[in-house]
Amino acid sequence: MNLLEIFLELLIVVIAVVSLVANLLVLVCFTCSAQVRAQVPGIFIVNLSFCNILITVLNMPSTLLGVVKRQKPFGDHFCYTVSFMDTFLTTNTMLSMAALSIDRWIAVVFPLTYSSKMRLKNVALMVIYAWLHSLAFSLTAVLLSWVDYSPAYASCTVHLRDGDGSRGHFIVFTIVFHACTFAISLFILCFTYLKVLQVARFHCKRIDVITVQTLLLLVDIHPSVKQRCLLEQKKRRQRATKKICIFIGSFVLCFAPYVITRLTELTASVKIDRYWGIMSKCLMYSKAASDPFVYSLLRQQYKKALFGVFNRILGRNSYTLSGHSSPSDIENGCYSQRVNNMLKDNCH
């Protein structure tokens, strides 16, 4: 066993631990916080976290054993089950991310009709479609016996056995599968989030104008508060772009190498290097570990829910202790609150 294999094994273990803990925390937040449950995106996030947990519990250990043993970890029936879940769960996670982007697009671009468009019935239909879509491709692969242990990925996954005469049909299935999952999901993410970014920049420009006008009216405002407000406006513009880049960039970085590799191996003359195949699989697994941070745990509602859970466990009250403030800090704070209130009134 060389250092590269040891690195890959440790990488899978780290990804699995982070993924399991982070996704379980998301489910804990959803269970314990009425505010999180009341939000429509929470349903998509729970579905995404549930799929990520199953990937962590079923697929990652199987790949780890495949790397260690360099062979099929268990019997054929277990491998078929893991292959089915690999296709089903991966497809479901991609579609869940696409559904989350659609939800954000409607919320930002069509805020007045959001409540009517994203009713519980419509959300349930989107989740059901994701499950049926995933089930159709995973069942097709199992029924046509296109599932087995692949040495190139050290995993039980969609794989054409040597000597199978249906190579042409397998190529068509693979292309259609990735076109209907990765390509469509990526298109939806790019379209929706770029529209969201466009609207966000437009509103930031409006807020910038209102902020300048408000600061000019408040002649008695402290200079440090003026500077702080202008700096906050700049950060708001940068934050919107950064979030969109993270949403789309993490999707491409984690899934694209694996999908491109699977399409490349359809050419008979191409042989996938084992280490690259396993690394591309690890990149795909890393999406399960990053999703909780990208979509939920770093948001204020989830942080608040986690603090509430920890306070209950530790038996502490939910209040926080604040330090002493100087008179100038109190004065600046009052000015900041005054500006924020005026900005909110102007925006609404």
Side-chain angles (χ1 to χ4, degrees), residues 22-23 25-27 29-30 33-52 91-131 133 181-207 233 235-256 287-288 290-305 344 347-348:
N23 284 286
L25 286 177
V26 173
L27 296 184
C29 291
F30 186 83
S33 174
Q35 183 182 9
V36 173
R37 290 196 301 271
Q39 297 177 345
V40 171
I43 299 175
F44 298 128
I45 291 175
V46 166
N47 183 60
L48 180 61
S49 296
F50 179 71
C51 292
N52 286 335
T91 305
N92 205 328
T93 55
M94 290 186 187
L95 296 177
S96 296
M97 295 171 207
L100 279 168
S101 68
I102 293 174
D103 174 80
R104 289 298 85 203
W105 172 56
I106 296 176
V108 174
V109 181
F110 308 102
L112 299 180
T113 59
Y114 175 78
S115 57
S116 61
K117 292 179 182 294
M118 297 303 294
R119 293 178 179 175
L120 184 60
K121 176 184 176 182
N122 297 333
V123 172
L125 288 175
M126 293 174 69
V127 174
I128 291 172
Y129 171 78
W131 280 65
H133 182 111
T181 53
F182 174 78
I184 289 181
S185 298
L186 180 60
F187 172 79
I188 293 175
L189 260 69
C190 292
F191 174 82
T192 54
Y193 282 133
L194 291 179
K195 287 292 184 181
V196 168
L197 181 61
Q198 183 180 3
V199 173
R201 285 180 174 176
F202 172 75
H203 285 298
C204 282
K205 289 181 181 179
R206 286 183 55 197
I207 294 175
Q233 296 304 108
K235 288 182 178 179
R236 185 181 289 112
R237 292 193 299 269
Q238 295 175 346
R239 197 180 302 125
T241 304
K242 182 180 178 181
K243 286 183 178 180
I244 300 303
C245 292
I246 291 175
F247 289 145
I248 300 177
S250 62
F251 184 89
V252 174
L253 178 64
C254 294
F255 287 117
K287 195 70 174 74
S290 64
D291 282 342
F293 302 99
V294 172
Y295 290 104
S296 51
L297 291 180
L298 297 181
R299 294 174 59 187
Q300 193 63 34
Q301 298 91 335
Y302 286 84
K303 289 181 180 179
K304 184 178 178 181
K344 290 179 181 179
C347 289
H348 292 297

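All residue numbers in this chain count up from 1 along the given sequence.
Atom CD1 of residue I43 and atom CG of residue L120 lie 5.0 Å apart, to the nearest 0.5 angstrom. Note that CZ of R299 and CD of Q39 are 5.5 Å apart. Values are rounded to the nearest 0.5 Å. For the atom pair CG of N52 and OG1 of T93, the computed distance is 6.5 Å after rounding to the nearest 0.5 Å. A distance of 9.5 Å separates CZ in F251 from CD1 in I188, rounded to the nearest 0.5 Å. For the atom pair CD1 (I106) and OG (S116), the distance works out to 9.0 Å, reported to the nearest 0.5 Å.
Residue R37 comes nearest to F30 through the heavy atom pair CG-O, 2.8 Å, listed as atom of the first residue, atom of the second, then distance. Nearest approach of P292 to V26, heavy atoms of both residues: CB-CG2, 3.7 Å. Here the closest heavy-atom approach between residue T181 and residue M94 is recorded as C-SD, 3.9 Å. The heavy-atom pair separating M97 from D291 by the smallest distance is CE-OD2, 3.3 Å. A pairwise comparison of heavy atoms in S101 and L189 identifies OG-CD1, 3.9 Å as the closest pair. Across every non-hydrogen atom of Y114 and P41, the tightest pair is OH-CD, 3.9 Å.
No donor-acceptor pair under 3.5 Å is formed between the side chain of D103 and the backbone N or O of A99. Here the side chain of S290 pairs a donor or acceptor atom with the backbone of K287 at under 3.5 angstrom. S250 places a side-chain N or O within donor-acceptor distance of the main-chain N or O of F247, the cut-off being under 3.5 Å.
Relative ring orientation between W131 and F50 is described as parallel, the plane-to-plane angle staying below 30° on a 0-90° scale split at 30° and 60°.
N92 and N47 are linked by a side-chain donor-acceptor pair at a separation below 3.5 angstrom, with hydrogens and angles left out of the test.
Residue-environment remark: CZ (R119) stays at or below the threshold of 12 foreign heavy atoms within 6.0 Å.
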